[in-house]
Amino acid sequence: QTVSVTGEAVDEWALNLVNQAIADGLMPEHLSGQDLRESIARAQFAALTVRLYEAASGQTAPAPAEGNPFTDTDDPQVLKAYAMGFTAGVSDTAFGPDQLLTREQAAVMLSAVCRALGADIPAGEPAFSDSGGISSWARDCVAYMSGRGVIAGYGDGRFGPQDNAQRQACLIMALRIFQSAQ
């Protein structure tokens, strides 16, 4: 079994990039000790967005000034991601910390981090064979992330917008944004 420098299971193709993400300080505690080949949960991804922002900006993400709107989590990293506008709840009072994140949701949340780092996300049309399946609220972000080379499609030209995002792939996406911000 292939493992990262910190001992997490990872696919061979992702090993060097995951190790670089770890070396650059992008691995949140939420993913430490986890099988990185598995799907990422919303709380794990929220923590990743906070780590990415802090590593790329050199600033600490603030805690929310308004307190905690969620009844299902008090995770400080989730609350920071919420305060920064990187994520929202699944309802007004629920975050859904253990729900799995889709690839289009990952594109939207990563775009929010890019906005916080000063990027402008222009309107755009994703160039994937299944672009019609990308939700209207995610289209510009998917186009932006794929245009920057942060998110790639599958070998057959599909994006798979409703597919669950993989932990190791999310670390690699964060790495690509971090490297382009340097």
Side-chain angles (χ1 to χ4, degrees), residues 1-57 77-78 81 86-87 97-114 117 119 121 124-135 138-182:
Q1 177 178 338
T2 305
V3 295
S4 71
V5 294
T6 51
E8 292 81 16
V10 64
D11 286 326
E12 182 70 34
W13 65 265
L15 180 62
N16 290 338
L17 294 169
V18 165
N19 284 341
Q20 185 60 55
I22 292 167
D24 287 338
L26 300 174
M27 172 85 107
E29 287 183 32
H30 289 64
L31 293 179
S32 181
Q34 302 292 310
D35 185 337
L36 299 180
R37 301 168 298 181
E38 298 295 324
S39 298
I40 197 165
R42 287 173 46 81
Q44 293 171 329
F45 195 84
L48 178 60
T49 63
V50 171
R51 287 297 313 130
L52 171 58
Y53 172 78
E54 290 179 343
S57 70
Q77 299 307 307
V78 168
F86 302 156
T87 189
D98 298 323
Q99 291 180 17
L100 298 180
L101 196 77
T102 66
R103 288 171 48 84
E104 70 179 7
Q105 290 169 336
V108 170
M109 290 174 71
L110 289 172
S111 293
V113 175
C114 290
L117 294 171
I121 312 298
E125 279 301 313
F128 295 103
S129 62
D130 60 350
S131 288
I134 299 171
S135 300
R139 296 182 76 73
D140 293 343
C141 296
V142 171
Y144 177 75
M145 287 289 129
S146 64
R148 285 189 62 188
V150 171
I151 285 182
Y154 299 117
D156 62 2
R158 293 178 310 111
F159 177 66
Q162 304 307 317
D163 294 353
N164 292 333
Q166 197 180 39
R167 293 169 180 160
Q168 64 192 1
C170 292
L171 274 169
I172 293 167
M173 289 181 247
L175 175 65
R176 290 176 179 149
I177 292 170
F178 177 76
Q179 289 174 334
S180 69
Q182 301 305 300

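No side-chain heavy atom of P161 sits less than 4.5 Å from a side-chain heavy atom of F128. Annotation: side chain of Q77 is not in contact with side chain of E29 (no heavy-atom distance under 4.5 Å). Under the 4.5 Å side-chain criterion, counting only non-hydrogen atoms from C-beta, T6 is not in contact with S32. Here the side chains of E8 and M27 are in contact, with some heavy-atom distance below 4.5 Å. Under the 4.5 Å side-chain criterion, counting only non-hydrogen atoms from C-beta, L110 is not in contact with Y144. In this structure, the side chains of V142 and I151 stay at 4.5 Å or more apart for every pair of heavy atoms. R37 has its side chain within reach of Q1: a pair of non-hydrogen atoms, C-beta onward, lies under 4.5 Å apart. Residues T87 and T49 form no side-chain contact, since every pair of their non-hydrogen atoms from C-beta on lies 4.5 Å or further apart.
To the nearest 0.5 Å, atoms CZ (F86) and CG (L48) are separated by 11.0 Å. For the atom pair I172 CD1 and Q179 CD, the distance stands at 10.5 Å (nearest 0.5 Å). To the nearest 0.5 Å, the span separating OG on S4 from CG on L36 amounts to 6.0 Å. Atoms CE and CD, on M173 and Q166 in that order, are 9.0 Å from each other to the nearest 0.5 Å. With values rounded to the nearest 0.5 angstrom, D163 atom CG is found 12.0 Å from L100 atom CG. Rounding to the nearest 0.5 angstrom, the gap separating the CG atom in L26 from the CD1 atom in I177 is 9.5 Å.
Nearest heavy atoms, D156 versus S129: O-OG, 4.1 Å. The heavy-atom pair separating I121 from S111 by the smallest distance is CD1-O, 4.0 Å. In plain terms, the two heavy atoms of L52 and A174 that are nearest each other are CD1-O, 3.4 Å. R103 and G160 get closest at one heavy-atom pair: CD-O, 3.3 Å. Scanning both residues, V150 and R176, for their nearest heavy atoms gives O-NH1, 3.0 Å. When all heavy atoms of D35 and R167 are compared, the pair lying nearest together is O-NH1, 2.8 Å.
In this structure, D140 contributes its side chain and G124 its backbone to a donor-acceptor pair below 3.5 Å. Panel note: side chain D130, backbone R158; no donor-acceptor pair is recorded below 3.5 Å.
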Self-check item: side chain to side chain contact (heavy atoms under 4.5 Å, CB included) between Q105 and S135, worked out
Solution: CA-CA 9 Å; Q105 290 169 336; S135 300; over 6 Å; no

Exercise. Test Q168 against D11 for side chain to side chain contact (heavy atoms under 4.5 Å, CB included), laying out the working first.
Key: CA-CA 8 Å; Q168 64 192 1; D11 286 326; 2.6 Å; yes

Exercise. Start with the C-alpha distance between R139 and S131, add both sets of side-chain angles, then the distance that settles side chain to side chain contact (heavy atoms under 4.5 Å, CB included), and finish with yes or no.
Key: CA-CA 8 Å; R139 296 182 76 73; S131 288; 4.1 Å; yes

Quiz prompt | CA sep, side-chain torsions, deciding dist, call: Q44, C170, side chain to side chain contact (heavy atoms under 4.5 Å, CB included) | solution = CA-CA 10 Å; Q44 293 171 329; C170 292; over 6 Å; no

